[in-house]
Amino acid sequence: MSTTENTTGRGTKDVHIGDDSAIAREAVLPAAGGSDPRPLAAPTTSVNPIQRDHATTIFEKGVEGRRAFVAPATGVPEVALDEILPAKLRRTTPARLPQVTEPELVRHYVRLSRRNFDLDTGFYPLGSCTMKYNPRLHERVGALPGHSRLHPFQTQDHAQGALEVMYGLERQLAEVSGLPHVCLQPSAGSHGELAGVLLARAYHEARGENRRKVLTPDTAHGTNPATVTMAGLEVVKVATNPDGGVDIDDLRAKADDDVALIMLTNPNTLGIFDPNIEEIASIVHGVGGVLYYDGANLNAIMGITRPGDMGFDIVHFNLHKSFTQPHGGGGPGSGPIAVSDRIAPYVPVPVIRREELAPANGAAAEHRFELISDPADLPGGVDGGEPGSRSIGKLRGFQGNYGVFVRCYAYILSLGGSGLKDASEVAVLNANYLLAKLEELGVREHLPLAFGTRCMHEFVISGGPMKRDLGIKTLDLAKRLLDHGFHPPTVYFPLLVEEALLIEPVETEARETLDAFAEALAEILREAAEDPTIAQNAPYSTPVRRLDEAGAAKKPRIRQAIA
Amino acid sequence: MTRYTTATDADREAMLAAVGVASIDELLAEQIPQALLLDRPLDIPEGLSEQEVNAELGRLAAKNTSAEDEVTFLGAGMYDHYVPSIIDMLLGRSEFLTPYTPYQPEVSQGGLQVMFEYQTAISELTALPVSNASVYEGPSAVAAAAYLAKLVNSKTGIVVSAGVHPHTIQTLETLAVGYGSTVTVVPLKDGVTDLDAWSAAVDGDTSAAILQQPNFLGAVEDVQALSDAAKDDSPAVVIGAYDPITLGVLAPPGETDVDVAVGEGQTLGNRLDFGGPSFGFFAAREAFLRRMPGRIAGETVDVDGRRGFVLTLQTREQHIRREKATSNICTSQALNALAGVVYLGWLGREGLPELANLLVQRTHYARTTLAAVDGVELLHDQPVVREFALRLPGVDVPQLVAYVQDHGVNPGLALSRTHAGVHDDGLLVALTEQRTKEQIDELARLVGEAIQSQRSGTTDAAARTEVSA
């Protein structure tokens with residue numbers, strides 16, 4: 001092929017650097033941890049080379065006749081298509097997919113990857129998302145063909161290893177949560193929430209009650225109220241008290257016999273462990289309601305305290321958060337649920353059973369795992385109670401995100417019970433240390449802690465004073481952090497805190513990293529005191545600068561126009 | 001120190017001093033009521049070294065019979081397609097593997113552009129103008145589409161063809177309870193949706209009319225006829241669940257009046273993984289854009305005029321709209337969708353039709369060859385692309401499956417597992433480009449042998465199959 005590196009298809013204007021030259025390799029993104037002072041000069045004239053890499057899509061790189069795939073020979077006697085697939089059922093024009101060679105495909109996506117910030121490169125204190133290190137061992141064991149090429153309809157005698165993984169993980173999650181019955185099926189946290197709300201509904205309906213209200217604190221994750229709507233129930237907001245916990249008076253006022261459940265995160269999205277949780281449980285149980293635990297913040301409490309012991313009936317796990325499935329740029333996740341005895345009869349199928357087999361000829365006792373997929377096959381329901389199952393059914397195809405189960409099972413085997421506890425303890429220590437460091441550096445003068453004096457594994461500071469005193473908003477601070485090589489915290493959430501920053505430093509981050517992050521915040525505040533426009537116009541060192549989001553929403557361009 | 005936890009004893013001491021507490025226990029006791037502190041260690045064994053965990057997961061993998069260990073003709077929703085090497089490489093890159101949802105677009109252009117390209121590829125594949133950036137997987141994507149239909153027309157009837165995957169129907173039935181809809185299943189006739197029954201079932205109260213292409217029994221539906229019938233005097237949103245690979249040869253949803261096309265994305269460069277993670281795709285008519293669930297990437301420019309990409313139309317989403325959101329979905333399947341768009345780019349414009357045609361030819365050969373085996377009939381004689389259903393009258397099909405598996409071949413799905421009492425003598429056989437003519441011939445030989453062996457009552461696998469699913 002006579003074309004050169006710099007030629008692209010369809011006359012697209014192309015100004016990218018031809019190949020991975022040393023300079024391009026060096027300057028993809030600012031180095032992590034603020035060790036590269038160069039991008040901090042503002043506004044810079046030394047444009048990062050990759051910024052000159054005009055975004056070109058894989059479709060625009062296509063040239064007629066180029067391809068990567070080579071089909072194997074059919075190898076069977078061929079029949080005219082008209083004889084076996086009538087023309088009226090067939091496609092007449094092919095989908096206009098890219099026309100590129102494999103080398104071009106690889107270069108395109110590798111270059112794209114370098115326009116991403118990632119956890120392996122730098123600190124990622126995104127609150128409520130638990131961005132902890134993802135061990136590469138998990139990718140290795142997940143890729144073993146015995147796991148990754150196992151068909152979900154494989155007969156069960158040929159899938160005993162997989163069922164053992166799932167059974168083992170179920171038992172581990174039951175122990176961590178203090179709730180004995182686990183269903184691994186939901187695909188992500190929000191999917192688990194939906195399962196949980198439907199379970200609470202089924203529980204009440206089986207008792208002849210048609211309860212409509214779901215109590216959610218105003219600190220709740222957005223998925224909570226969205227889930228309630230999808231489950232056909234009604235959100236009733238509960239206020240937050242001055243200490244950051246549930247306002248007990250407001251809760252009492254709203255707790256009546258129309259309450260189906262309360263959805264709580266504890267510690268909540270302020271990083272506050274609600275000390276009144278037992279009272280809350282007693283109030284909600286007192287009116288016949290169910291307690292639902294949003295497990296997004298489980299990383300604060302593993303081995304320390306358990307939702308089941310606090311009085312919760314249903315909990316969902318975010319396996320990708322607490323148990324370190326790589327987040328993949330927005331999934332895959334996995335959102336298993338664990339429930340108490342009274343909710344157990346309603347759990348979704350499939351359910352795993354461990355059966356003890358009679359030992360043959362003095363051999364060691366053996367067992368077998370069975371996956372019960374059809375509710376009708378559940379003898380007496382999953383609680384072994386009255387005949388016939390009361391399962392709510394099924395939430396998705398097959399068994400759930402098994403590939404995630406393998407990784408998380410490996411994680412729990414690696415850490416063990418005491419390691420899980422240590423992980424949570426250090427997560428809490430790191431968060432409190434960072435708070436102390438911010439105090440020491442004077443950062444909290446402008447970015448005060450929103451509630452309380454301590455925190456669990458994450459905390460919320462308010463950018464309100466900073467905005468008033470220094471003239472920069474939380475958004476500006478976040479964008480300037482990018483120039484320091486840090487991923488910003490979660491911003492503008494929870495909603496009840498003005499200019500909120502929700503910071504979750506996780507246990508796998510070293511003290512030096514926390515120090516460097518605190519220093520960066522202090523430096524940005526110092527800089528803003530001198531010249532707020534620097535932060536207001538940040539970032540400068542990223543592949544693109546601030547983007548026109550309003551324009552994108554006004555006239556959505558969500559796909560490529562292809563000739 | 002525990003694996004992956006960075007604080008040394010010295011670090012801990014220094015950090016505790018900075019915090020102003022004597023111990024982590026004190027820090028916790030300040031915040032958690034004493035009665036709630038777990039007063040014993042978790043009943044989970046002590047941690048293991050990396051090599052021990054590696055060995056244990058290897059031991060468990062070895063107890064499974066994967067598509068690496070046998071020649072598999074299993075399908076029924078997920079298929080043993082070849083996954084090209086570049087997908088392993090690209091998905092293993094830290095920059096794709098370890099970030100989260102691109103909340104900070106300035107440092108997430110890679111992921112956002114991938115979403116934009118993915119949306120484009122799905123729109124091209126389905127001939128529908130708008131696509132989101134992925135949902136969980138196939139069956140729940142159908143339920144999400146039915147929820148969209150409810151938001152659009154406020155009707156409560158869901159009509160679904162019996163040709164739709166049983167997991168999808170179960171998922172619909174479970175989730176429709178939530179949003180107050182009821183599900184009516186329309187039977188098949190000669191292997192495809194009974195058009196008269198379909199027409200009769202869809203009426204003025206129908207919110208969504210749902211079909212699958214090809215259907216669960218492998219038959220190609222006349223989608224245009226079903227769409228026309230569903231839209232005759234009904235507000236119904238027509239939803240099609242598609243196997244994306246077959247869109248290399250089958251008429252796309254956008255050209256057969258399907259309003260929302262969804263489906264299981266596993267066949268696009270994703271592993272089997274015992275059922276997940278994969279991804280669900282979700283494409284629709286333009287009018288439904290602002291009712292779509294999930295993330296959507298859009299093109300824009302930065303302050304210097306550079307082309308860039310952002311998450312857009314976020315006012316649909318839970319983190320903004322809360323109880324008024326069009327869906328509760330947050331984390332979806334971005335990494336799996338990346339595999340999907342890389343795979344479609346790898347197949348390319350010519351490759352996808354070539355692959356689909358290859359499947360049609362090999363499937364035709366396999367169907368003809370198996371139907372010629374004594375004791376085997378076609379369950380239906382509708383056109384097929386990559387999967388077909390057989391009847392084996394008088395044969396214990398699960399036992400046949402066990403017999404053939406004992407000889408290194410998995411012949412497919414015994415339909416008694418999904419359609420007990422309806423297709424007890426049915427076998428669903430699926431093809432991919434990894435199944436050769438020689439393997440098909442071997443399958444036919446083993447199926448014939450298994451039938452003969454059952455007829456003569458000398459089933460060496462009988463004892464084993466008693467416990468087989």
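Each chain gets a letter, A, B and so on, in the order its sequence line appears, and its residues count up from 1. Values in this document were obtained by computation on a predicted structure and should not be read as measured data.
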Segment of [X] engaging chain A (4.5 angstrom heavy-atom cut-off):
X: B:Ser123; value: side chain
X: B:Glu264; value: neither
X: B:Leu27; value: side chain
X: B:Leu28; value: side chain
X: B:Ile296; value: side chain

(request) Please determine if B:Asp222 and A:Lys88 form a salt bridge, counting it only when a charged side-chain N lies under 4.0 Å from a carboxylate O. (result) yes

(request) Salt-bridge test for B:Arg12 and A:Glu425: reply yes if a basic N is under 4.0 Å from a carboxylate O, no otherwise. (result) no

(message) Can you tell me which residue among A:Arg96, A:Gln560, A:Arg559 is in a side-chain hydrogen bond (donor to acceptor under 3.5 Å, both in side chains) with B:Glu124?
(response) A:Arg96

(message) If we check side-chain hydrogen bond (donor to acceptor under 3.5 Å, both in side chains) with B:Glu350, which of these qualifies: A:Gln99, A:Arg66, A:Arg67?
(response)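 So, applying the side-chain hydrogen bond (donor to acceptor under 3.5 Å, both in side chains) to B:Glu350 and each of A:Gln99, A:Arg66, A:Arg67, only A:Gln99 qualifies.
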
(message) Does A:Ser190 form a side chain to side chain donor-acceptor pair (under 3.5 Å) with B:Gln318? I'd like the steps, not just the answer.
(response) CA-CA 10 Å; A:Ser190 56; B:Gln318 46 80 24; over 6 Å; no

(message) Just so I know, are the side chains of A:Asp309 and B:Leu38 near enough to count as touching, which here means a heavy-atom distance under 4.5 Å?
(response) yes

(message) Checking side-chain polar atoms at under 3.5 Å, does A:Thr155 have a donor or acceptor matched by the opposite partner on B:Gln405?
(response)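 Yes, because at least one side-chain N or O of A:Thr155 sits under 3.5 Å from a partner of the opposite role on B:Gln405.
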
(message) Can you see whether B:Glu46 engages A:Ser418 through a side-chain donor-acceptor pair at a distance of less than 3.5 angstrom?
(response) yes

(request) Let me see the working for A:Phe69 and B:Leu352 under side chain to side chain contact (heavy atoms under 4.5 Å, CB included), right down to the final yes or no. (result) CA-CA 9 Å; A:Phe69 173 69; B:Leu352 177 65; over 6 Å; no

(message) With a 3.5 Å distance limit and no angle check, can you tell me whether A:His487 reaches the backbone of B:Pro99 through a side-chain donor-acceptor pair?
(response)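 No; judged by distance alone, with no hydrogens or angles, the pair does not exist.
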
(request) Measure from the side-chain N and O atoms of A:Gln399 to the backbone N and O of B:Phe274, and report whether any donor-acceptor pair falls under 3.5 Å. (result)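 Between the backbone of B:Phe274 and the side chain of A:Gln399 there is a qualifying donor-acceptor contact (under 3.5 Å).
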
(request) Would you please classify the geometry between the B:His165 ring and the A:Phe398 ring as parallel, tilted or perpendicular, with 30° and 60° separating the classes? (result)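 A:Phe398 and B:His165: perpendicular rings.
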
